[in-house]
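What follows is a short report on a single structure.
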Amino acid sequence: MTARPDQVVLVVGTGTEVGKTWVACRLAVALRDRDVTVAARKPVMSYDPDDDPTTSDAVLLARATDETPEAVCAPHRWYPVAMAPPMAAEALDRPVFTVEELASEIVWPAGIQVGLVEAAGGVLSPLADDGDAVTLADHLDPDLVVLVADAGLGTINAVRLAAGVLDGWSLTVVLNRYDPLDDVHRRNRAWLTERDRFDVVISAEQIVPILGWS
């Protein structure tokens, strides 16, 4: 890993399809709107080969940060099988890899103020042969972990379980797709903030001041 940005933000999720990439992209745009220099990295990416290639995580993050998809995720870490990355590598008969290798392959441009790193799957989903997003956090030592969760039913359990293994890092929970008119969404947010004392936001833009940018 090259010279560290001023701040490193690790974006993780309570599961798949909760909107990690959407949140990371929105955060990148919000920071850049404030003239903060931002880069995004996806250490490894697995996907359905039939998916629209213009909507891959690497492409979307690249658009949000004005980079190339190859800079966001090294091409040899693109695995076109819809499985957890180490399983996808095995299915493709490609070499096994470790979290340490993924972390060491992250290359940051000079002068980056905020570096966004997006994990794959849920917090405890296999990211490499020997670890998950928690292992990646151990290697990156992020300044902030952003935990993306769905706002609807089941999110209290999901957030509690994910947060329980992320102890030791500064944590902000994003309730993605939050609808202020949905009673379940409102009650979930209130429970997580008032009872569980989590730092909960409902948009990526609300993370900006948490990082110290106005």
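Excluded from the calculations below are hydrogen atoms, water molecules and symmetry mates; all remaining heavy atoms, backbone and side chain alike, are included. One is the number of the first residue; the rest follow in order along the sequence.
- Here the side chain of Thr37 pairs a donor or acceptor atom with the backbone of Gln113 at under 3.5 angstrom.
- A side-chain donor-acceptor contact under 3.5 Å links Lys42 to the backbone of Ala119.
- In this structure, Glu105 contributes its side chain and Leu102 its backbone to no donor-acceptor pair below 3.5 Å.
- In this structure, the side chains of Val159 and Thr14 come closer than 4.5 Å at one or more pairs of heavy atoms.
- Annotation for Pro49 and Pro80: closest pair CD-O, 3.4 Å, computed over non-hydrogen atoms.
- Under the 4.5 Å side-chain heavy-atom criterion for Ile, Leu, Val, Met, Phe, Trp and Tyr, Ile156 and Val12 are members of the same hydrophobic cluster.
- Here the straight-line distance linking atom CD1 of Ile202 with atom CG of Asn176 works out to 11.0 Å at 0.5 Å rounding.
- Taking 4.5 Å as the limit, some side-chain heavy atom of Trp213 sits within range of a side-chain heavy atom of Leu31.
- Linking Ile, Leu, Val, Met, Phe, Trp and Tyr whenever their side-chain heavy atoms come within less than 4.5 Å puts Val44 and Leu10 in one cluster.
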Checklist entry - Would Asp132 and Leu136 satisfy side-chain contact (heavy atoms from CB on, under 4.5 Å), going step by step from the backbone distance to the final call? => result CA-CA 6 Å; Asp132 45 40; Leu136 181 62; over 6 Å; no

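- Using a 4.5 Å heavy-atom cutoff, the side chains of Asp199 and Leu171 are not in contact.
- A donor-acceptor pair is defined here as one N or O able to donate and one able to accept, closer than 3.5 Å; such a pair exists between the side chain of Asp48 and the backbone of Asp50.
- The CD atom of Glu101 lies 9.5 Å from the CG atom of Asp129; values are rounded to the nearest 0.5 Å.
- The shortest non-hydrogen separation linking Pro69 to Ala62 is N-CB, 3.6 Å.
- Within 6.0 Å of CD on Gln206 lie more than 12 heavy atoms contributed by other residues, nucleotides or ligands.
- The backbone N or O of Tyr178 sits nowhere less than 3.5 Å from a side-chain atom of Arg189 that would complete a donor-acceptor pair.
- Here the CG-CD distance, from Leu211 to Gln7, works out to 5.0 Å after rounding to the nearest 0.5 Å.
- Val59 places none of its side-chain heavy atoms less than 4.5 Å from the side chain of Thr55.
- Atom CG of Leu161 and atom CG of Leu166 lie 11.0 Å apart (nearest 0.5 Å).
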Next on the checklist: Run Leu60 and Cys25 through side-chain contact (heavy atoms from CB on, under 4.5 Å) and show every step you take.
Outcome noted: CA-CA 7 Å; Leu60 295 175; Cys25 289; 4.0 Å; yes

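- Remark: Arg26 qualifies as a cation-pi partner of Trp22 under the 6.0 Å distance and 45° angle criteria applied to the six-membered ring.
- His139 contributes no side-chain N or O that, together with a main-chain N or O of Ala103, makes up a donor-acceptor pair within less than 3.5 Å.
- Ionic pairing of Arg4 and Asp141 is not present here: no N-O contact between side-chain nitrogen and carboxylate oxygen is shorter than 4.0 angstrom.
- Within the 4.5 Å cutoff, no side-chain heavy atoms of Val174 are placed close to those of Leu147.
- Between atom CH2 of residue Trp78 and atom OG of residue Ser56 there is a gap of 5.0 Å, rounded to the nearest 0.5 Å.
- Contact annotation: the side chain of Arg41 never approaches that of Glu118 to less than 4.5 Å [non-hydrogen atoms, C-beta and beyond].
- Remark: Arg187 CZ is loosely packed, at most 12 non-hydrogen atoms of other residues, nucleotides or ligands lying under 6.0 Å away.
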Checklist entry - Between Leu27 and Leu116, is a side-chain contact (heavy atoms from CB on, under 4.5 Å) present by the stated rule, with each step listed? => result CA-CA 9 Å; Leu27 177 56; Leu116 304 176; 3.8 Å; yes

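- The environment of CH2 in Trp191 is sparse: at most 12 heavy-atom neighbours from other residues, nucleotides or ligands sit within 6.0 Å.
- Here the side chain of Asp130 pairs a donor or acceptor atom with the backbone of Val99 at under 3.5 angstrom.
- Note: the hydrophobic cluster containing Val11 does not contain Val72 (ILVMFWY, side chain heavy atoms under 4.5 Å, direct or indirect links).
- The environment of CZ in Arg195 is sparse: at most 12 heavy-atom neighbours from other residues, nucleotides or ligands sit within 6.0 Å.
- Of all non-hydrogen atoms in Gly115 and Pro5, the two that sit nearest each other are N-CB, 3.7 Å.
- For Asp52, the CG atom is densely surrounded, since the number of other residues' heavy atoms within 6.0 Å is greater than 12.
- Of all the heavy atoms in Ala89 and Pro95, the pair that sits closest is CB-O, 4.1 Å.
- Between Glu67 and Thr65, the side chains place a donor N or O and an acceptor N or O closer than 3.5 Å (distance only, hydrogens not considered).
- Residues Val173 and Ile207 fall into different hydrophobic clusters, defined by Ile, Leu, Val, Met, Phe, Trp and Tyr side chains chained together at heavy-atom separations under 4.5 Å.
- In this structure, Thr135 and Leu127 have side chains that are not in contact, with every pair of non-hydrogen atoms separated by 4.5 Å or more.
- Linking ILVMFWY side-chain heavy atoms closer than 4.5 Å, directly or via other members, places Val23 and Leu175 in two distinct hydrophobic clusters.
- Side-chain contact check for Asp6 versus Val114: every heavy-atom pair is 4.5 Å or farther apart.
- Applying the ring-ring contact (aromatic ring centres under 6.0 Å, His included) rule to Phe97 yields the partners Tyr79; only residues at least two apart in sequence or on another chain are considered.
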Next on the checklist: Please determine whether side-chain contact (heavy atoms from CB on, under 4.5 Å) holds for the pair Val201 and Val146, giving the CA-CA distance in whole Å, both sets of side-chain angles, and the decisive distance to 0.1 Å.
Outcome noted: CA-CA 10 Å; Val201 300; Val146 172; over 6 Å; no

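- The backbone N or O of Ala88 lies less than 3.5 Å from no partner atom in the side chain of Arg94, so there is not a single donor-acceptor pair.
- Here the CE atom belonging to Met87 is positioned 13.5 Å from the CG atom belonging to Leu92, to the nearest 0.5 angstrom.
- Glu90 places no side-chain N or O within 3.5 Å of a backbone atom of Val96 that could act as its donor or acceptor partner.
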Next on the checklist: Apply side chain to side chain donor-acceptor pair (under 3.5 Å) to residues Thr155 and Asn188 and explain how you reach the verdict.
Outcome noted: CA-CA 7 Å; Thr155 199; Asn188 282 343; 5.6 Å; no

